[in-house]
Structure formats: structure tokens, C-alpha cells
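Step one of this worksheet: look at the structure below.
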Amino acid sequence: MNHLLIFLIPWKDLNMLLMKIITKYVYDLLEKDCNLKKIFIPVDATESEPKSFIFMSEDALTNPQKLMVLIHGSGVVRAGQWARKLIINEDLDSGTQIPFIKRAMDEGYGVIVLNPNENCIEVEKPKTHVQSSSDSSDEPVEKRERKDKVSKETKKRRDFYEKYRNPQREKEMMQLYIRENGSPEEHTVYVWDHFIAKSAAENVFFVAHSYGGLAFVELMIQREADVKSKVTAVALTDSVHNVWHQEAGKTIREWMRENCCNWVSSSEPLDTSVESMLPDCPRVSAGMCLMKNVWIFFKVKKYANKMGNSVLRIKRVVLPSIFE
């Protein structure tokens, strides 16, 4: 009979339950299948305060050559996921970061997976105790006790009715925000300061999807010199950043033109140039085989970083539409 209970649960709650199951499953895959470690933050958190976490490979901070950082978009997705709909309607390879992580580790990258939507925890709101009006010292003790008993029984019946009529109101919840990680932007800066900036990697590469692109631009605004000295290339996918609204300066926009590429959803063939109103990085079609060209882009940028501007002619041969 338990399977019939599914019809008594609102669709929204079923959807959230499914996402919790998927999230836990992906977390397990990150640890067991990808061999990543779960690192709790803030790094100096006390036992009682709210915490979040990220995932890192064993060599994330010690790899002297390459480090890849993955940032997902906004909404219900968590570390290791790109898109909920793709996970549900297609498969884990399409909707999660796992193919990127495995490819990165196969090619010798250290890996850090951010968790920018894990900004708070939910706890039950403390109940406020209202003093009963029957506590008047003028009333006889027996009468006051009788009133209290009736009041408790009435409240018990009312609570039962409310629980039956609307199960969602059984508990009133409140949010406790995680220190220095209360938003995707804060989280990205925090992970940069405490992990990425301290890594040994000569070349740091970012893959940022949707709102993750905005979080990266915010990181550049707050840590411009540090990012420029350490980051080699940034692959954006359907990024929602806006250099005007975020007030990114001229030097940031110039750096993004040289070192970033935004692959966007388009019916055009892969890497076809897509018009943009923003004066920052090139926008090209994501096509159907995005991952392959992201890796080519990273390899070319790493080589360009070593060889200097003379390598531009090579870049134009490998990915001509990106560097036009």
C-alpha cells in the first residue's frame, strides 16, 4: 500500500525529493568513481556553525602543472552537476561534470569542484511560547489546571488537523547562512582565496556554466591581479555574465577577450561565431561536441602562455572562429 502514498505527495515535493536523491548519488560518484575528497568550508568552522563543502582531487593543491576548476550555474544543481533536466531526461554524462572531471584527471590536471548554491542550511524555527491567560494568580489552582488541559487538547486537535490538511506546515523552517559563502559570488571568492590561489599549478583553467560565468567575472573584479597572474584560460558555457552591469573595467574586458570563450546554445555548427552585444570574450556556437573543443582551447592557451603572442597564428588555425 505504501506505493499509493506517492499520489498524496504534491508534484513539487516529488521533484525536490528526486533532486535530493540525484544530488546524493552524484556526490557519491564524485568521491567513489572520481576519487575526489570532500572538503568542508569554512576551513576554520566551529563544530556548531553551518558548513558547506567542495570536492578536490588529491593533487589539486600540489600539482605543479595544471589545475581545473568547475563552477555550475544557479538553481537546485549542486557540486558535480550541470543541469537537472539533462540528468533526468537524458543521462549523467550529459547533465553532470563527471566526464569533464575524468578527462581532466586522465590528462594530468588537478581538479576542484565548487558548490556555489550550497549557501545555507535549513533548521526548524524555534517555537515561541505564549504565556497562557489562565496563569492568573486570582484563579483557583484546580480551575487553572482544567483550563490548561482543555487548551492543550484543543491545540493538539488543531495541530493534527493542520498537519492533515497541509503537511508542509508541520514544521516552520528558517535559513542559517554559511559564513563567507552566503552567495555563489562569495563562495567563488572564498574558494579562490583559501584553495586556488594557494595551489602550486602554473596553469589554472576554469569551466563555468551559466551563473558560474557571472561568479567568475565577479572574482576577476575583486581579485583582478591575482586571477591574471594565475589563470590561463576560461571556458564559459551559456554564461549569463554582463560586464556592463557588473561594472568590469577595461583591463578586465581586454583580458577576457584574449583568455575567455563563451560557448552558447545555437543551431549553428560548433564554433561558429555568434554575435554579441557585450565587448568582452568571443561567443561561439556550442554545437553538439562541445567538450572536445574546450580541451583544444585549453591546450592552445597553455601553449600560447608559454610562447607569447607569436602563437596567435597557431590559434587561428586550430580554432579560427574563436579568435577572429
Side-chain angles (χ1 to χ4, degrees), residues 68-77 80-101 103-104 113-114 116-117 184-185 188 204-221 227 231-248 252-301 304 312 315-324:
M68 176 170 291
V69 182
L70 301 172
I71 316 177
H72 60 63
S74 59
V76 297
V77 291
Q81 302 175 35
W82 288 132
R84 175 181 61 175
K85 287 183 179 178
L86 288 177
I87 294 172
I88 295 172
N89 298 328
E90 294 190 28
D91 53 37
L92 288 170
D93 281 352
S94 302
T96 73
Q97 300 170 352
I98 290 172
F100 268 96
I101 294 168
R103 174 80 179 264
V113 179
L114 272 63
N117 292 337
E185 296 92 330
T188 304
V204 176
F205 301 86
F206 276 78
V207 180
H209 176 64
S210 186
Y211 201 89
L214 184 148
F216 175 80
V217 172
E218 185 61 31
L219 170 66
M220 276 218 73
I221 292 170
V227 170
V231 176
T232 300
V234 181
L236 304 170
T237 60
D238 284 321
S239 175
V240 297
H241 72 275
N242 188 305
V243 291
W244 293 134
H245 293 165
Q246 293 180 258
E247 299 182 353
I252 290 176
R253 299 196 302 270
E254 289 173 347
W255 186 91
M256 289 182 67
R257 272 196 293 271
E258 284 295 316
N259 299 284
C260 301
C261 182
N262 189 12
W263 278 269
V264 298
S265 300
S266 169
S267 58
E268 297 295 326
L270 176 65
D271 284 332
T272 302
S273 183
V274 176
E275 187 177 353
S276 173
M277 299 290 291
L278 297 174
D280 49 29
C281 58
R283 282 164 47 99
V284 297
S285 170
M288 300 297 291
C289 303
L290 170 62
M291 189 189 296
K292 178 182 176 182
N293 273 30
V294 168
W295 293 108
I296 295 173
F297 174 59
F298 284 167
K299 286 176 181 177
V300 169
K301 283 303 300 174
L312 282 175
K315 290 196 291 186
R316 291 193 175 97
V317 170
V318 178
L319 293 173
S321 61
I322 294 178
F323 296 103
E324 285 175 354

Handout entry: For the student: nearest non-hydrogen atoms of Cys260 and Trp255, plus distance
Key = SG-CZ3, 3.7 Å

Exercise for the section: Please list, chain by chain and in numerical order, all residues satisfying side chain to side chain donor-acceptor pair (under 3.5 Å) with Ser94, sequence neighbours excluded. Expected result: Glu90, Asp91

Using atom types as modelled, flag every donor-acceptor pair under 3.5 Å from a side chain in residues 204-217 to any protein atom, sequence neighbours excluded.
residue : atom : partner : partner atom : Å
His209  : ND1  : Thr237  : O            : 3.0
His209  : ND1  : Thr237  : OG1          : 2.8
Tyr211  : OH   : Glu185  : OE2          : 2.5

Handout entry: Value rounded to 0.5 Å, distance of CG in Asn242 from CD in Glu247
Key = 10.5 Å

Fill in the blank from the handout: Rounded to the nearest 0.5 angstrom, the CG-CD1 distance for Leu92 and Ile98 is 6.0 Å

Handout entry: Donor-acceptor under 3.5 Å (Lys301 side chain, Glu258 main chain)
Key = yes

Problem - Least distance between heavy atoms, Ser285 atom then Trp263 atom - result: O-CD1, 3.4 Å

Exercise for the section: For the residue pair Ile101 and Val113, establish whether any side-chain heavy-atom pair is separated by less than 4.5 Å. Expected result: yes

Completion exercise
For Val284 and Ser273 the tightest heavy-atom approach is CG1-CA, 4.2 Å

Problem - Sidechain-backbone polar pair: Asn259 side chain, Val231 backbone, donor-acceptor under 3.5 Å - result: no

Problem - Qualifying residues under side chain to side chain contact (heavy atoms under 4.5 Å, CB included), relative to Pro99, sequence neighbours excluded - result: Asp93, Thr96, Met291

Completion exercise
Residues passing the side chain to side chain donor-acceptor pair (under 3.5 Å) test with Gln97, sequence neighbours excluded, are none

Practice task
Could you tell me which non-hydrogen atom of Val243 sits nearest to which non-hydrogen atom of Pro279, and how far apart they are?
Solution key: CG2-CD, 4.0 Å

Problem - Rounded distance (nearest 0.5 Å) linking atom CD of Gln246 with atom CD1 of Ile252 - result: 9.5 Å

Fill in the blank from the handout: Here the gap from Met68 atom CE to Thr232 atom OG1, rounded to the nearest 0.5 Å, amounts to 11.0 Å

Fill in the blank from the handout: Ser267 meets the side chain to side chain donor-acceptor pair (under 3.5 Å) criterion, sequence neighbours left out, with none

Exercise for the section: Could you tell me the separation between the CG atom of Leu70 and the CG atom of Leu114, rounded to the nearest 0.5 Å? Expected result: 8.5 Å

Handout entry: Beyond-backbone contact of Val227 with Leu219, side-chain heavy atoms, under 4.5 angstrom
Key = yes

Practice task
Answer yes or no: is there a donor N or O on one side and an acceptor on the other, between the side chain of Asn262 and the main chain of Ser239, under 3.5 Å?
Solution key: yes

Practice task
Applying side chain to side chain contact (heavy atoms under 4.5 Å, CB included), name anything that partners Asn117, two or more places apart in sequence or on another chain.
Solution key: His72, Val77, Arg78, Pro184

Handout entry: Non-hydrogen atoms of Phe297 and Val234 that approach each other most closely
Key = CE2-O, 3.5 Å

Exercise for the section: Can you see which heavy atom on Cys281 is nearest to which on Leu236, and at what distance? Expected result: SG-CD1, 3.9 Å

